[in-house]
K.L.:
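Before we start, here is the structure in question, set down as structure tokens.
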Amino acid sequence: MGQLVVKVESMSLEEKAVFPTDLSFWEDLWDQYTNEYSEVVIHCWAEEEEVVNKKKKKSFEALNEGLMKVFTVNLNDENRLFFRNYSQDPIGGLKWFTMFFNTNGEEQLEIGQYGAEIIFSNVDEEKAEEIKAIFPISTEMEYHDDFEE
């Protein structure tokens with residue numbers, strides 16, 4: 001099994017260091033590649049107070065880790081719909097910094113840099129090619145078949 005690293009074309013503003021210029025893949029990503037996960041761990045910057053307060057309502061665990069707030073959220077139907085349809089920030093990218101999807105304690109999918117970098121772990125080349133199809137043409141994608149956890 002390997003790892004697919006996806007780097008979506010990105011930009012930055014004073015409010016965000018890096019975020020994708022095109023999130024057209026977001027709904028397909030949720031519809032096709034997150035259904036197997038029962039929870040997601042979200043990292044937000046502490047100053048993103050509005051986002052942090054919204055996540056507190058949906059999370060079953062919230063931790064303060066210095067400048068970061070860490071939330072664990074069950075992926076029931078309501079929460080999946082929320083993430084699929086209401087994750088995009090009006091100034092660009094996602095409303096939170098990083099999302100981690102785990103299976104049996106092992107990270108399988110990471111969405112970082114406000115959605116600008118996505119890492120799929122434990123995928124074969126065929127699955128990696130399938131995943132690549134949902135991203136814009138300008139996206140950098142690299143498959144590593146020798147990935148080990």
Side-chain angles (χ1 to χ4, degrees), residues 1-37 39-59 62-73 75 79-103 106-149:
M1 295 301 239
Q3 182 182 59
L4 176 64
V5 178
V6 177
K7 293 184 180 179
V8 179
E9 185 177 358
S10 59
M11 64 181 287
S12 63
L13 293 173
E14 189 173 313
E15 296 88 358
K16 286 186 178 178
V18 108
F19 61 90
T21 57
D22 181 356
L23 276 170
S24 61
F25 62 86
W26 188 248
E27 290 179 6
D28 287 336
L29 177 68
W30 272 91
D31 292 346
Q32 298 175 39
Y33 300 106
T34 66
N35 291 324
E36 66 190 76
Y37 305 108
E39 66 183 35
V40 61
V41 177
I42 299 171
H43 290 200
C44 300
W45 292 108
E47 64 266 13
E48 297 170 337
E49 186 143 356
E50 182 181 333
V51 174
V52 170
N53 288 333
K54 285 183 182 178
K55 291 278 43 72
K56 281 182 185 175
K57 295 174 187 171
K58 296 199 173 291
S59 65
L63 303 169
N64 289 322
E65 292 190 3
L67 297 175
M68 289 294 246
K69 303 288 184 181
V70 179
F71 300 94
T72 303
V73 180
L75 289 176
N79 289 342
R80 282 182 189 284
L81 190 62
F82 173 81
F83 288 122
R84 181 189 186 275
N85 296 332
Y86 302 104
S87 294
Q88 296 184 31
D89 188 312
I91 66 167
L94 302 181
K95 294 178 181 177
W96 36 83
F97 187 66
T98 308
M99 303 176 86
F100 299 96
F101 299 82
N102 304 314
T103 301
E106 291 185 30
E107 187 178 304
Q108 301 294 311
L109 174 61
E110 176 185 336
I111 303 169
Q113 301 291 330
Y114 297 104
E117 183 174 271
I118 301 153
I119 301 170
F120 294 86
S121 299
N122 295 317
V123 295
D124 60 24
E125 284 188 73
E126 184 178 325
K127 186 70 166 182
E129 288 303 314
E130 175 189 306
I131 293 167
K132 288 178 181 182
I134 70 169
F135 292 96
I137 293 172
S138 61
T139 305
E140 290 180 38
M141 294 178 260
E142 193 171 332
Y143 178 75
H144 306 275
D145 62 0
D146 58 352
F147 171 73
E148 290 185 27
E149 298 231 49

K.L.:
Rounded to the nearest 0.5 Å, how far does CD1 of Ile111 lie from CH2 of Trp30?
P.N.:
6.5 Å

K.L.:
Could you walk me through whether His144 and Val5 pass side-chain contact (heavy atoms from CB on, under 4.5 Å), step by step?
P.N.:
CA-CA 8 Å; His144 306 275; Val5 178; 4.1 Å; yes

K.L.:
Among Trp96, Trp26, Phe101, whose ring-ring contact (aromatic ring centres under 6.0 Å, His included) with Phe83 holds?
P.N.:
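Among Trp96, Trp26, Phe101, the one that satisfies the ring-ring contact (aromatic ring centres under 6.0 Å, His included) with Phe83 is Trp96.
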
K.L.:
Kindly compute the distance separating OG (Ser87) from CG (Leu29), expressed to the nearest 0.5 Å.
P.N.:
10.0 Å

K.L.:
For residues Leu4 and Ala128, report the shortest heavy-atom separation together with the two atoms involved.
P.N.:
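Residues Leu4 and Ala128, closest heavy atoms: CD2-O, 3.8 Å.
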
K.L.:
How long is the straight-line distance from CD1 of Ile119 back to NZ of Lys7, given to the nearest 0.5 Å?
P.N.:
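Going from NZ on Lys7 over to CD1 on Ile119, the span is 8.0 Å.
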
K.L.:
Start with the C-alpha gap between Asp89 and Tyr114, add the side-chain angles, then the distance that decides, and say whether side-chain contact (heavy atoms from CB on, under 4.5 Å) holds.
P.N.:
CA-CA 9 Å; Asp89 188 312; Tyr114 297 104; over 6 Å; no

K.L.:
I'd like to know if the side chain of Thr98 and the backbone of His43 have a donor-acceptor N/O pair within less than 3.5 Å.
P.N.:
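Side chain of Thr98 to backbone of His43: no pair is present.
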
K.L.:
Distance from Leu94 atom CG to Gln113 atom CD, nearest 0.5 Å?
P.N.:
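It comes to 11.0 Å.
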
K.L.:
To the nearest 0.5 Å, what is the distance between CG on Asp28 and CZ on Phe135?
P.N.:
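Rounded to the nearest 0.5 Å, the CG-CZ separation comes to 9.5 Å.
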
K.L.:
In sequence, state the C-alpha distance, the side-chain angles, and the governing distance for Arg80 and Asn35, and then conclude on side-chain contact (heavy atoms from CB on, under 4.5 Å).
P.N.:
CA-CA 9 Å; Arg80 282 182 189 284; Asn35 291 324; 4.0 Å; yes

K.L.:
How long is the span from the CD atom in Gln88 to the CD atom in Glu27, to the nearest 0.5 Å?
P.N.:
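One gets 7.5 Å once the value is rounded to the nearest 0.5 Å.
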
K.L.:
Is the closest side-chain heavy-atom distance between Met141 and Ile131 below 4.5 Å?
P.N.:
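Answer no - side chains too far apart.
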
K.L.:
The test is side-chain contact (heavy atoms from CB on, under 4.5 Å); show your working for Lys69 and Asn64 and say whether it passes.
P.N.:
CA-CA 5 Å; Lys69 303 288 184 181; Asn64 289 322; 2.4 Å; yes

K.L.:
Give me the one residue out of Gln108, Glu130, Lys127 that meets side-chain hydrogen bond (donor to acceptor under 3.5 Å, both in side chains) with Tyr33.
P.N.:
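Passing option: Glu130.
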
K.L.:
Quick one: does Lys95's side chain have a donor or acceptor within less than 3.5 Å of a partner on Tyr86's backbone?
P.N.:
yes

K.L.:
What are the two closest non-hydrogen atoms of Pro136 and Asp22, and how far apart are they?
P.N.:
CG-OD2, 3.3 Å

K.L.:
Donor-acceptor pair, Tyr143 side chain versus Val123 backbone, under 3.5 Å?
P.N.:
yes

K.L.:
For Ile118 versus Phe120, what's the shortest heavy-atom pair and its separation?
P.N.:
CG2-CE1, 3.4 Å

K.L.:
If you compare all heavy atoms of Ala116 against all heavy atoms of Ser10, which two are closest, and at what distance to 0.1 Å?
P.N.:
CB-CB, 4.0 Å

K.L.:
Work out which heavy atom in Glu107 is nearest to a heavy atom in Asn102; give both atom names and the distance.
P.N.:
CA-OD1, 3.1 Å

K.L.:
Are any of the side-chain heavy atoms of Leu67 and Trp45 separated by less than 4.5 Å?
P.N.:
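A side-chain contact exists here, since the closest heavy-atom pair is under 4.5 Å.
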
K.L.:
Taking all heavy atoms of Leu75 and all of Asn79, pick out the closest pair and write down the distance.
P.N.:
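It is CA-CB, 4.5 Å.
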
